[in-house]
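Quick notes on the structure that follows.
Just so we're on the same page: letters track the sequence lines, and every chain starts at 1.
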2 protein chains.
Amino acid sequence: MKLGQATIKDIAKELNVSLSTVSRALKDYPGISNETKRKVKELAEKLNYRPNAIALSLRKSKSFTIGVIIPEVVHFFFSTVISGIEEVAFANGYNVILCQTNEKLQRELSSIEAMLDNQVDGLLVSYSKETEDFNHFTKLLKQNFPIVFFDRVPEIENTVNVTVNDFKGAYDATSHLINQGYKNIAHLAGPKNLTISRKRLDGYLAALQDHSIKHNPDWIIPCPIGTQEESFEFTKRLFENEKAKPDGIFASNDIAAAGAMMAVKSLGLKVPSDVGVVGFSDWQFSSMIDPPLSTVSQPGFQMGEKAISLLLEMINKKKDETWTPKTVVLETELIIRKSSEKIITE
Amino acid sequence: MKLGQATIKDIAKELNVSLSTVSRALKDYPGISNETKRKVKELAEKLNYRPNAIALSLRKSKSFTIGVIIPEVVHFFFSTVISGIEEVAFANGYNVILCQTNEKLQRELSSIEAMLDNQVDGLLVSYSKETEDFNHFTKLLKQNFPIVFFDRVPEIENTVNVTVNDFKGAYDATSHLINQGYKNIAHLAGPKNLTISRKRLDGYLAALQDHSIKHNPDWIIPCPIGTQEESFEFTKRLFENEKAKPDGIFASNDIAAAGAMMAVKSLGLKVPSDVGVVGFSDWQFSSMIDPPLSTVSQPGFQMGEKAISLLLEMINKKKDETWTPKTVVLETELIIRKSSEKIITE
DNA sequence: CTTTTTTATGCAATCGTTTGAATAGGGCTT
DNA sequence: AAGCCCTATTCAAACGATTGCATAAAAAAG
């Protein structure tokens, strides 16, 4: 034993009692004399005894560990979600093991395998951009293995999900641009296989429609990679090629919005007077760029908290009880900053 | 068993052989007939058998899990370190369990307890701002428990550490400001109990001295909290109160630099023409703010890789072999952007 | 002074796997 | 045909803890 950690056996030997007596004494079982309890506890204290969680896991077929699968920690949003998860997990005596997929399906598959080998009690998943087939999840769900999907949720049956109201967030953002007087609004869309991308696109379209603005299909630009460079390039191209230039941009995330803003500025146009820009997520940098970026903030921490709370509920169900599929939708908040203020309100 | 996962026992029963035969067949031990091996492997495949990592951990007193203790995931730098750690851990069959201290000593202590209970094979630590006493680490080190400290390293003996050359980074940053013609350079310092803060301060002082500039103690402003608001406030106060106003700011991190820049701008001064600003860390947002922030970039990913490589080396040592204390120092890179370019080079 | 009840403790199986030592059976040698 | 050596397999202990059941001793009841 690396740490020379004391075990129940050590205590038993030292006190000349059986293992079971020690075990029971430590947990105040009835039927152990006070004298023995005292002695056992004293020695345990002295030897700094701590139960071996691995042995307990094996015995109880329960590891008190949950696995979290996310695309990337460096994404500000995901890192706030992790904080929320950690907070609740910790408070309930659970450990969190983390795997990033780096947006790779292969990584997602192998991470899940690794986590199952380690007997995690449940999984919290936000799948990769490459994931288009959900068999690896349905297989587990069929076996009643607890999974909660968050943010990026699959369109399959009987799942428990936590998302943000992407539709409404996008709708509000786009409406805000329209109300500010921007009429020709382009959309930098996210990867098509993510539900969130579609929902945001739908919100964008609905807002246009509700304001009787016809949408221009050429102005919906998918940004599959999601880097600032990508949206910079695409935005530049959009503004250079088109005759009727857009005067507003709603981007499905802040990185894309930042890239777009740089592209617009590089063409000599001013934000917000010539072009209004709104992003999505409220990254840490969004309030610091110039002009500060209007955006739709998502409650990441809260999402983490909610997701793990649901998961713990599922884990604590009796073996044969099933859970009811549900989707918890958290509300977003439109944060208006300079980048979209055409109308100066005094 | 929640997953109805097949065990060695199931295979043994089905094929009417003993547990040991199955175990050995699966790992191609000599002395098992090819026929038996074939049958065992076939059935294992069919039942989708995967060894139970918990049982293995117990048997081998080795969990193939390492614990990572960091202040906060939302810090861009730390999240890149995590990526580096994960990458190497994963490639070597190790799992990573993560705890954030949120800069609280209490959290640090309880996280370490929890991780030890879970029999982590080693620890990767960047301690909290509150940590001033290192007994909880020395106790473990004395027992030969593998720990590698990264970024924030304690000043105690016989440790293995990975840091960045904070002194040189700060020296370079300050020298750069001086060379650009800024002569009155203030420093927004980090928490005093962190070595990195002191090293950066030292680098700043050394650069001033080497350029024969006398430092003004009032211009060294500790920012213990580390938020943008804090440095905004302190910077504003500095510029309002002093008669001889600084024309340069070297901040010990980018968040502080960003706050300072906003404060300066709010006072009607221009960056970089009136005041030059350089930060530390190269956060994601640093290139996006206006003007883009000059900063000292730290190789976070590489730091993670190096730290876990060292840890795995320690873990793989024989029981009684000791390791030699050492500190790996990674070099920083000065990234010059607009915020510090007084001299316009064409 | 038995018999019954209570109290305190021990035994042994179990969780899933590994591994040193034991063993059964077949073929070979002499 | 006795002895010996392989080869393929099994036994059993171990990792650290829990827990139903058995049991010994002490106390209470008759």
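Tyr49(B) meets the ring-ring contact (aromatic ring centres under 6.0 Å, His included) test with no other residue; sequence neighbours excluded. For Phe137(A), the ring-ring contact (aromatic ring centres under 6.0 Å, His included) partners at least two apart in sequence or on another chain are Phe149(A). Annotation: side chain to side chain donor-acceptor pair (under 3.5 Å) contacts of Ser33(A) (sequence neighbours excluded): Thr36(A). When the side chain to side chain donor-acceptor pair (under 3.5 Å) test is applied to Ser23(B), no partner is found at least two apart in sequence or on another chain. When the side chain to side chain donor-acceptor pair (under 3.5 Å) test is applied to Ser79(B), no partner is found at least two apart in sequence or on another chain. Partners of Asn34(B) by side chain to side chain donor-acceptor pair (under 3.5 Å), not counting sequence neighbours: none found. With sequence neighbours excluded, the residues satisfying ring-ring contact (aromatic ring centres under 6.0 Å, His included) with Phe134(B) are Tyr127(B).
The distance between atom CZ of Arg59(B) and atom C1' of dT18(C), rounded to the nearest whole Å, is 4 Å. Atom CG in Asp28(B) sits about 13 Å away from atom P in dT18(C), given to the nearest Å. To the nearest angstrom, C1' of dT17(C) lies 15 Å from CG of Asn118(A). As rounded to whole Å, 10 Å separates atom C1' of dT18(D) from atom OH of Tyr49(A). The NZ atom of Lys27(A) sits 7 Å away from the C1' atom of dT18(D) (whole-angstrom rounding). Here the C1' atom of nucleotide dT18(C) and the NZ atom of Lys9(B) are 14 Å apart, to the nearest Å. Between the CG atom of Leu58(B) and the P atom of dG16(D) there is a distance of 7 Å, rounded to whole Å. In this entry the distance linking CD1 of Ile8(A) with C1' of dG10(C) reads 14 Å, nearest Å.
Phosphate contact (OP1/OP2 of dC11(C), side-chain N/O of Ser18(A), threshold under 4.0 Å): absent. Distances shorter than 4.0 Å separate none of the side-chain N or O atoms of Ser20(B) from OP1 or OP2 on dT19(C). Here Ser23(B) does not reach the OP1 or OP2 of dT17(C): none of its side-chain N or O atoms lies under 4.0 Å away.
You won't find any donor-acceptor pair under 3.5 Å spanning the side chain of Thr7(A) and the base of dC15(D), going by distance alone.
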Under 3.5 Å between N/O atoms: give me all the protein pairs with nucleotides 21-24 of chain D, atom names plus distance.
none

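For the pair Asp121(A) (side chain) and Phe64(A) (backbone), a donor-acceptor distance under 3.5 Å is present.
Closest approach of Ala307(B) and Val162(B) over heavy atoms only: CA-CG2, 3.8 Å.
Listed by first and then second residue, the salt bridge (Lys or Arg N to Asp or Glu O under 4.0 Å) pairs that reach into residues 139-160 of chain A are Glu103(A)-Arg152(A), Glu155(A)-Arg198(A), sequence neighbours excluded. Sorted by first then second residue, the salt bridge (Lys or Arg N to Asp or Glu O under 4.0 Å) pairs that include residues 73-94 of chain A, not counting sequence neighbours, are Glu87(A)-Arg107(B).
For the helix from dC1(C)-dG30(D) to dT30(C)-dA1(D), the terminal axes (five pairs an end, C1' atoms, rotation from four pairs onto the next four) enclose an angle of 80°, given to 10 degrees.
Between Asn161(A) and Thr159(A), the side chains place a donor N or O and an acceptor N or O closer than 3.5 Å (distance only, hydrogens not considered).
Each of Asn16(B) and Lys60(B) has a nearest nucleotide on DNA chain D; the 5'-most of these lies closest to Asn16(B).
Scanning residues 30-45 of chain A for heavy-atom distances under 4.0 Å to DNA chain C yields Gly31(A), Ile32(A), Ser33(A), Thr36(A).
Across all strands shown, Leu19(B) has heavy atoms under 4.0 Å from base atoms, whether or not it also approaches the sugar-phosphate.
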